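FYI, the numbering just counts along the sequence from 1. Here the structure is a predicted model, which is why all the values come from computation and not from measurement.
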Amino acid sequence: MTTVPLRYRIPWKKIVVYTLAVLFALYLVLPFYWIVAMSFMPEADATAVPPQWIPEHPTLDNYLGFVNPSDAQALVGSRAVEETPYSLLNSFVVAGSTALLNLVLAIFAAYSFSRIKFRGSQLLLILYLITRMVPGIAIIIPYYLLMREFRLLDTYLALILSYTTFALPITIWILKDFFRSVPRELEDAARVDRCGWFRTMWSVFLPVAAPGLVAAAVFSFMTAWNEFMFALFLTSTKAAKTIPVVAANFATDFNTQYTVMAAAGVLAVIPPLVLALIFQRKLVAGMAAGSVKG
């Protein structure tokens, strides 16, 4: 009796890989989908058992409440609904200013490390990373006292300075690798054309390193946008409160409106999501190149 060889084999390896990829995608997407869906539900539908994955009675009241809150919504979380528009503006100003200041400082430092050889440069880079390893809770009290001494509590500047300190070491490492990959011949050619250092940097050097600049800017923006602890300690009014602090105020011991909290979460996610989509190509190129060059 002869056996017929199988012409097609079951690709078990691909099936397992694709199954794991789908499960991981669902793990990432489902929580965000649930927040978006809940933001369009009435409170009764959001807390129903079993949960409603698709809104049966969609409504925009949760979003309109941030513009014109009702009496019940205005009292949620110590008036967190009223503070949400201000906190979004504060987060945008603080995160944007942090990204800009962090980028300017990191460009000078990273260029020095990539182009100038001096004794102890590698040790200095390691020390930068060590400062990033210090937990924020260990320095929050002295930092708070320092900001109080300079009368900077509840201001943008206190947050911008602290967030720049957090993001600067990583940004220097990202840009250092990018700057090392830029050929020195480009700078030499610019100097032959009688370009000064600033003209060379602006017209020749930085455009070539644009993916690294975008990756560093987005990283520092996200760091400032998502930070919670320092914003909680250093701000107290809507003049400087950021969205993570206000979003935390929705959950109280007396009342929690999950739908309004979900709407605030969606509004908080939109700016960094749009930013990542706009600079998607440069961001991916920057992160990939920065991970393989040393």
Side-chain angles (χ1 to χ4, degrees), residues 1-41 45-46 48-56 58 95 99 106 110 114 122 125-126 128-130 132-133 135 166-167 169-183 208-228 244 247 258 261-262 265-294:
M1 181 177 180
T2 60
T3 58
V4 179
L6 293 177
R7 183 171 298 179
Y8 300 103
R9 293 183 178 181
I10 300 178
W12 291 108
K13 185 176 181 179
K14 290 185 177 180
I15 293 176
V16 172
V17 171
Y18 290 155
T19 302
L20 292 177
V22 171
L23 291 177
F24 185 68
L26 291 176
Y27 172 78
L28 295 177
V29 173
L30 280 181
F32 181 71
Y33 167 77
W34 176 240
I35 292 176
V36 174
M38 189 187 301
S39 67
F40 291 100
M41 295 181 186
D45 293 350
V49 179
Q52 300 179 7
W53 291 98
I54 300 176
E56 295 183 359
S114 63
Q122 198 65 27
L125 283 170
I126 295 175
Y128 285 164
L129 287 183
I130 292 176
R132 189 63 181 88
M133 297 176 186
F166 299 154
I170 305 298
T171 307
I172 292 175
W173 273 83
I174 294 175
L175 294 183
K176 168 184 65 70
D177 293 333
F178 255 95
F179 289 176
R180 284 180 177 175
S181 66
V182 177
V208 176
L213 298 178
V214 172
V218 172
F219 166 77
S220 55
F221 184 92
M222 302 288 258
T223 299
W225 185 273
N226 296 323
E227 203 282 329
F228 172 76
Y258 297 101
M261 184 190 300
V266 173
L267 293 177
V269 168
I270 289 177
L273 181 62
V274 171
L275 185 67
L277 291 176
I278 293 175
F279 298 105
Q280 180 181 7
R281 291 185 179 180
K282 290 186 179 297
L283 183 61
V284 173
M287 289 299 185
S291 63
V292 299
K293 298 184 188 302

What are the two closest heavy atoms between Leu267 and Pro271, and how far apart are they?
O-CD, 3.1 Å

Only distances under 3.5 Å count here; give the side-chain donor-acceptor pairs of residues 22-35 to other protein atoms, sequence neighbours excluded, each with its distance to 0.1 Å.
residue, atom, partner, partner atom, Å
Tyr33, OH, Trp53, O, 2.5

Enumerate donor-acceptor pairs with a distance under 3.5 Å from any side-chain N or O in residues 215-225 to protein atoms, sequence neighbours excluded.
residue, atom, partner, partner atom, Å
Ser220, OG, Ala216, O, 3.1
Ser220, OG, Ala217, O, 2.9
Thr223, OG1, Phe219, O, 2.8
Trp225, NE1, Ala268, O, 2.9

Evaluate side-chain contact (heavy atoms from CB on, under 4.5 Å) for Lys14 paired with Val17, printing each intermediate quantity in order.
CA-CA 5 Å; Lys14 290 185 177 180; Val17 171; 5.7 Å; no

Across all chains, not counting sequence neighbours, the side chain to side chain contact (heavy atoms under 4.5 Å, CB included) partners of Leu129 are Ile170, Trp173

Over 12 foreign heavy atoms within 6.0 Å of OH, Tyr18
no

On a heavy-atom basis, the closest approach of Thr19 and Ile15 is OG1-O, 2.6 Å

List for me each residue that meets ring-ring contact (aromatic ring centres under 6.0 Å, His included) alongside Trp12, sequence neighbours excluded, and say none if there are none.
none

For the student: nearest non-hydrogen atoms of Ser114 and Phe179, plus distance
OG-CB, 3.3 Å

Taking all atoms of both residues into account, what is the closest heavy-atom pair of Pro58 and Pro55, and its distance?
CD-O, 3.9 Å

Which heavy-atom pair separates Gln52 from Met41 by the least distance, and what is that distance?
O-CE, 2.7 Å

Distance, nearest 0.5 Å, that separates CD1 of Ile54 from CG of Asp45:
13.0 Å

Checking Ser39 now: which residues fulfil side-chain hydrogen bond (donor to acceptor under 3.5 Å, both in side chains) with it, not counting sequence neighbours?
Tyr63

Hits for side chain to side chain contact (heavy atoms under 4.5 Å, CB included) against Pro50, two or more places apart or cross-chain, chain-then-number order -> none

